[in-house]
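Every value quoted in this text rests on a predicted model; they were computed, and no experiment measured them. Convention: sequence-line order gives letters A, B, ...; per-chain numbering from 1.
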Protein chains: 2
Amino acid sequence: MPPGRKKSLTPEDFVTVAIAYADVHGLAALTIRVIGDEVGLTQTAIYRYFHDKDELAGAMKEYLFAEMLTSLGEPTGTPRERIERIAVEFRRLFAQHPCMANLITVLSSPMDNSTAVTRRVVDALEQMGFSGRALTDSYQLVESVLIGTTLIDLYGSPYHLTTRLERFRNVRHPAFDDISRDPSSIEETNEQAYVTAIRLVLDHLDRTATEQARAIAHTSG
Amino acid sequence: MPPGRKKSLTPEDFVTVAIAYADVHGLAALTIRVIGDEVGLTQTAIYRYFHDKDELAGAMKEYLFAEMLTSLGEPTGTPRERIERIAVEFRRLFAQHPCMANLITVLSSPMDNSTAVTRRVVDALEQMGFSGRALTDSYQLVESVLIGTTLIDLYGSPYHLTTRLERFRNVRHPAFDDISRDPSSIEETNEQAYVTAIRLVLDHLDRTATEQARAIAHTSG
DNA sequence: ACCTGAACACCGTTCAAGT
DNA sequence: ACCTGAACACCGTTCAAGT
């Protein structure tokens with residue numbers, strides 16, 4: 001490609017620009033017209049690249065999950081360590097790209113990269129010894145706590161922190177007043193709750209996995 | 001009021017009609033024009049009762065939390081039982097009114113009735129022996145798991161079940177295929193995850209509460 | 001092939017006008 | 001006092017027309 005040659009855009013250009021904008025201004029502020037402005041074209045140019053806004057949102061979600069898969073690298077360590085790793089990277093992804101929380105609540109369709117993450121958790125659970133209904137139940141527990149507690153921290157982005165601050169102030173209790181004075185201690189509290197919740201789930205999985213293994217050994221022995 | 005006299009509407013009329021519609025068709029389908037149709041007036045009539053759509057959404061949320069407070073009744077039993085009670089009623093509220101999940105993600109402002117529920121949890125935690133930073137951390141853990149795991153089950157309402165069904169099918173694993181065959185077993189799995197998560201949190205609170213009590217006794221003794 | 005400009009249906013909201 | 005009808009700004013989307 002000769003220099004100075006005006007290269008046309010790619011779908012990825014739209015995706016990265018949209019993510020950057022939504023992270024700062026919130027997903028609600030991301031209109032088709034704004035995207036046009038941001039990439040330097042007209043409002044309607046995007047329809048050459050995406051069928052509709054939902055398809056763009058799906059591509060944004062896939063892009064961010066791809067980023068997470070890259071950070072994750074190849075699975076190593078014990079099953080528990082692998083799930084812990086996923087929990088950490090999941091959290092990091094949402095912290096770096098808060099628009100993800102709104103994307104997930106707005107979007108429903110399962111897609112390749114999110115399914116890949118799901119499968120990693122399922123693999124780890126299988127290696128812990130879960131199968132059949134115990135496997136799906138365990139997976140659901142991990143997903144609910146992992147995504148649930150992350151969602152609740154960030155769904156109002158980019159106003160989630162001030163909102164939570166206001167909620168804490170509304171409790172009208174000295175301990176909550178103390179913490180509502182600076183946003184960073186609110187973030188700490190959220191982080192603390194996440195880490196504790198994940199640890200509780202993993203401890204529980206360790207216990208039930210050995211129980212299931214013992215039950216199977218007893219049946220077949 | 002004489003019979004046959006045409007009584008004018010109340011704000012509550014709009015609220016109940018809006019909730020009923022959003023529960024069935026989803027919050028996204030609830031437009032100002034639809035509300036007008038449903039109450040039997042014009043699109044713009046609602047502005048005599050609410051400043052804007054956000055105020056209506058807030059009133060819907062408050063109405064549903066009021067319903068929950070009524071179901072809860074006066075607090076009785078041990079602190080743990082009281083939190084369990086709240087967890088059960090919270091779940092029931094969302095099951096009966098799935099629009100609540102979307103209301104929460106869309107709305108941010110803290111309001112009277114939701115704060116009342118918060119305060120009940122805080123009271124119970126204080127009676128368990130938590131104070132200061134341990135109190136806010138404990139509360140945050142309860143809230144994250146309680147609301148988080150509920151949100152994640154229902155945020156796509158009224159399509160949340162078919163969506164999850166499709167996600168399970170996408171995993172392409174025999175155990176997930178089995179469960180994705182009927183929607184009721186998906187609901188069971190969600191319910192199971194919720195109950196387990198709450199139990200894990202409450203067990204953890206029981207442990208840390210006695211630890212904190214012991215630490216205080218040690219310091220002051 | 002890639003982009004623009006005008007247009008359309010739909011949304012939340014305002015406001016003057018009706019009873 | 002309560003409601004209507006027409007209008008406005010904004011949204012996602014379509015499509016004929018430009019290069």
Trainee: Taking everything shown except B/Glu12 itself, do over 12 heavy atoms lie less than 6.0 Å from its CD?
Mentor: no
Trainee: Between B/Arg169 and B/Phe176, is NZ or CZ placed under 6.0 angstrom from the six-membered ring centre and within 45° of the ring axis?
Mentor: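 Pair B/Arg169/B/Phe176 does not count as cation-pi.
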Trainee: Regarding B/Asp112 and B/Thr115, do their side chains bring together a donor and an acceptor under 3.5 Å, going by distance alone?
Mentor: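 No.
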Trainee: Check DNA chain D against residues 48-63 of chain B and give the residues with a non-hydrogen atom under 4.0 Å, in numerical order.
Mentor: B/Arg48, B/Tyr49
Trainee: Below 30° counts as parallel, above 60° as perpendicular, anything between as tilted: where do the rings of A/Phe14 and A/Tyr49 land?
Mentor: tilted
Trainee: Between A/Arg33 and A/Gly40, which is nearer to the 5' end of DNA chain C once each is assigned its nearest nucleotide?
Mentor: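 It is A/Gly40 whose nearest nucleotide is closer to the 5' end.
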Trainee: For the side chain of A/Ser8, counting heavy atoms from C-beta on, which of D/dG12, C/dC2, D/dC3 is nearest?
Mentor: C/dC2
Trainee: Could you tell me whether B/Arg33 and B/Glu38 make a salt bridge, using a distance below 4.0 angstrom between a side-chain N and a carboxylate O?
Mentor: no
Trainee: Side chain of A/Thr44, heavy atoms from C-beta onward: which of D/dT4, C/dG5, D/dC11 has the nearest atom to it?
Mentor: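 Among D/dT4, C/dG5, D/dC11, the one nearest the side chain of A/Thr44 is C/dG5.
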Trainee: With no hydrogens and no angle check, do the side chains of A/Ser144 and B/Asn190 hold a donor and an acceptor under 3.5 Å apart?
Mentor: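 Short answer, no.
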Trainee: Name the stems with DNA chain D in them: runs of three or more consecutive Watson-Crick or G-U pairs, distances under 3.5 Å?
Mentor: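 Output for stems: C:4-8 with D:12-16, C:12-16 with D:4-8.
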Trainee: For the side chain of B/Ile32, starting at C-beta, report the closest nucleotide among D/dT14, C/dG12, C/dT4.
Mentor: C/dG12
Trainee: Would you check if there is a donor-acceptor pair between the side chains of A/Thr10 and A/Asp13 at a distance under 3.5 Å?
Mentor: yes
Trainee: Check the distance between D/dG12's P and A/Gln43's CD and give it to me in whole angstrom.
Mentor: 10 Å
Trainee: Report the residues that fulfil salt bridge (charged side-chain N to carboxylate O under 4.0 Å, His left out) with A/Asp178, sequence neighbours left out, ordered by chain and then residue number.
Mentor: A/Arg181
